[in-house]
Every structure is written in structure tokens, then in C-alpha cells.
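One structure below.
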Amino acid sequence: MKNWLYCWCLLWPVLSAAAQERSTDVIIYTASPKKGLYRTFTEFQQNNPAEQGDFLIRNKSTAAQIYLLANRNELVLRDAAGQEHKVKKFWGYCDGRNIYIHDNGLNLISQLGYYCVYELQGVQPSRGIYNPADMTVNAINTPVRLKKVINIVTGEILELSWYNLKKYILPQDSALFGEFRADKSKREQLESYIYRFNQRNKPFMSQ
């Protein structure tokens, strides 16, 4: 018995340290996200950016966004000579404090948890309007703001909508789902329900 207790006392600090180290490998459990470029969702999930470097986010002009339907910003890599090169085909980026997902430009992830939240921003073309002054039809491009969520286990991205909360997310928490179904103002509180779901539910992350 004494030998068993002695061995356990020796192993416990090692096991505790290992568990703590594993938890910080998951982005939603770390206090210090690592700076760098995520090529894939898994690199984001595991707080393990594939590439380091002098990355910068460059905003596009309003005119470029409206008339060219360009993304509102882009990620560039500045080399040793000071030249900037546009980064392509990547999942996201972390500046050491803030995390961005690459979806029609870079969008800040505002909430980390079982479902991470971000807001997609951009412009989209809408119908043309007739200008009687010169008898022309002018296209009007309108701003777009759309909340989305990322499942931290699967990487699936869903629009933050009443339907998706009801169909896919909240049924995993029967008590919260029941409250949601009875809430007459739920359509105005979608993000609040995601926040509460994240507080109540911690995903199992295999290492």
C-alpha cells in the first residue's frame, strides 16, 4: 500500500502537467493563442499555426468593395526586403491576441467555445435602379453583415439563425432547448443562446 501511494505521489505531478499541456493545445482552452497562419481548420482547433512571419491585414478601399465586389481586406506577408505578398488558400490567422477566419476577407472571431462566433462583412450586388436624369440603370451594392458559428469539434460552419439553433445546436442541451422553444423573443437573442450553450457545454476533444 505504501509503495502504491509513493508511486502515485510521483506520477501525479507528471499527469497533471500533461493534462494541462493537452488542454492548452485546444484553442478554446488556451489563454495565449499562438501567432501565425492557419492553413487548415485543425491547425486553428489545436492552436498550432503552420507558418510564422511578418503578416499584416490590409484593408481595401470602400470603392473597391462596392464597385469591384472585392473582399474588405486581405492578408499579406512582408518579406525581408519589405515587399508585400498576398496570402492565398488559408483558413485563418492569429495576431497573437485576436483570431480571424478567412471568409470573404478576414473576420474577427468574437467568441470562442463549442461554437465560435464571427460576423461576415462585405457587399453584395442588388437590383439596379432607374435614374431618370440620364435615363440609365445604376447597380446598387448593399452592405452584408451575417453572423456565423464554427463547430470546434467538426469545423462545420453554420449561419447563426433561428432554424440552425433549433435544428442542429440546442437539441444537444435539452434544458436550454426547452427554454429556447418557450422564449417568444428568441429571434432577437440568437447570439445570447450560443453564449449560454458554450458556457454550459464543453466539447470532448480527443488528442
Side-chain angles (χ1 to χ4, degrees), residues 19-51 55 57 71-75 87-122 124 144-183 185-207:
Q20 184 176 4
E21 183 178 354
R22 283 197 298 272
S23 69
T24 59
D25 287 340
V26 180
I27 192 70
I28 62 173
Y29 298 136
T30 183
S32 302
K34 297 176 184 176
K35 182 178 181 180
L37 184 75
Y38 310 116
R39 288 289 180 186
T40 66
F41 163 74
T42 300
E43 291 172 4
F44 157 73
Q45 179 197 61
Q46 298 299 328
N47 189 28
N48 186 30
E51 299 180 33
F55 293 103
I57 297 176
N71 293 342
R72 65 192 184 93
N73 55 34
E74 64 183 9
L75 188 68
V87 182
K88 300 179 180 180
K89 296 182 179 179
F90 65 102
W91 191 93
Y93 165 68
C94 177
D95 63 10
R97 186 173 69 175
N98 299 309
I99 301 172
Y100 303 85
I101 182 173
H102 185 208
D103 181 1
N104 190 37
L106 285 102
N107 301 283
L108 177 68
I109 295 178
S110 59
Q111 183 182 154
L112 288 172
Y114 202 129
Y115 285 89
C116 305
V117 180
Y118 71 96
E119 182 178 76
L120 185 151
Q121 300 182 40
Q124 68 178 9
V144 174
R145 290 181 176 270
L146 180 65
K147 290 288 181 72
K148 292 187 176 184
V149 294
I150 312 160
N151 185 310
I152 195 62
V153 179
T154 65
E156 180 183 25
I157 296 176
L158 297 171
E159 179 184 343
L160 178 52
S161 66
W162 169 83
Y163 176 81
N164 286 334
L165 276 171
K166 177 183 177 182
K167 181 73 174 180
Y168 301 111
I169 299 174
L170 294 184
Q172 301 171 85
D173 185 326
S174 58
L176 189 60
F177 185 41
E179 183 178 336
F180 177 80
R181 295 178 64 182
D183 187 352
S185 63
K186 53 180 167 284
R187 292 179 184 271
E188 290 76 46
Q189 301 185 62
L190 302 183
E191 192 166 354
S192 173
Y193 274 98
I194 284 290
Y195 175 80
R196 292 175 62 193
F197 181 91
N198 286 340
Q199 292 296 306
R200 292 163 56 95
N201 300 275
K202 303 303 178 184
F204 173 75
M205 308 291 292
S206 60
Q207 296 293 329

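The figures here come from the full heavy-atom set of this structure, side chains too, leaving out hydrogens, waters and symmetry mates.
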Q) Given the rule in the side-chain contact (heavy atoms from CB on, under 4.5 Å) test, do L108 and I101 qualify, once you have shown the distances and angles that lead to the verdict? A) CA-CA 7 Å; L108 177 68; I101 182 173; over 6 Å; no

(Q) Using side chain to side chain donor-acceptor pair (under 3.5 Å), reason through N198 and Q111 one step at a time and then give a plain yes or no. (A) CA-CA 9 Å; N198 286 340; Q111 183 182 154; 2.8 Å; yes

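With sequence neighbours left out, the side chain to side chain donor-acceptor pair (under 3.5 Å) criterion links K202 to no other residue. Remark: E43 engages no residue in a salt bridge (Lys or Arg N to Asp or Glu O under 4.0 Å) (not counting sequence neighbours). The side chain to side chain contact (heavy atoms under 4.5 Å, CB included) check on T154 picks up N151, E156, with sequence neighbours excluded. In terms of the salt bridge (Lys or Arg N to Asp or Glu O under 4.0 Å) criterion, E159 has no residue partners (sequence neighbours excluded).
Expressed to the nearest 0.5 Å, how far CG of N47 lies from OH of Y29 amounts to 13.5 Å. In this structure, L37 CG and Y100 OH are separated by 14.0 Å, a value rounded to the nearest 0.5 Å. The OH atom of Y168 sits 9.5 Å away from atom OG of S161, with the distance rounded to the nearest 0.5 Å. The distance from atom CD1 of I109 to atom CD of E119, rounded to the nearest 0.5 Å, is 13.5 Å. Atom CD1 of I27 and atom CD1 of I99 lie 4.0 Å apart (nearest 0.5 Å). Here the CD1 atom belonging to I57 is positioned 5.0 Å from the CG atom belonging to L106, to the nearest 0.5 angstrom.
Using a distance-only test at 3.5 Å, with no hydrogens or angles considered, no donor-acceptor pair links the side chain of Q189 to the main chain of K186. Of the possible polar contacts, none joining the R200 side chain to the D173 backbone as a donor-acceptor pair under 3.5 Å is found. No side-chain donor-acceptor contact under 3.5 Å links K167 to the backbone of N164.
When every heavy atom of I150 is checked against every heavy atom of G155, the shortest pair comes out as CG2-O, 4.1 Å. Between C116 and I28, the shortest heavy-atom contact is SG-CG2, 4.4 Å. The two residues C94 and P33 come nearest to each other via the heavy atoms SG-CB, 3.8 Å. Contact between K35 and P49 at its shortest, heavy atoms only, is O-CG, 3.6 Å.
Listed by first then second residue, pairs satisfying salt bridge (charged side-chain N to carboxylate O under 4.0 Å, His left out) with a partner in residues 105-114 number zero, not counting sequence neighbours. Note on residues 94-104: pairs passing salt bridge (charged side-chain N to carboxylate O under 4.0 Å, His left out), not counting sequence neighbours, are D103-K148.
Test W162, F180, Y115 against Y193 for ring pair (Phe, Tyr, Trp, His ring centres under 6.0 Å) and you get one pass: F180.
In this structure, the side chains of L160 and I194 come closer than 4.5 Å at one or more pairs of heavy atoms. A 4.5 Å side-chain heavy-atom check between I152 and F44 finds at least one atom pair inside the cut-off. Inter-residue side-chain proximity for H102 and Y93 is flagged as unmet; no heavy-atom pair is nearer than 4.5 Å. K147 places none of its side-chain heavy atoms less than 4.5 Å from the side chain of L190. For the pair L176/F197, a side-chain contact is recorded, criterion being any heavy-atom separation below 4.5 Å from C-beta on.
Note that R181 lies in the cation-pi zone of F177, set by a 6.0 Å cut-off to the ring centre and a 45° limit from the axis.
In summary, the aromatic rings of F90 and Y38 are positioned with their centroids too far apart to meet the 6.0 Å limit.
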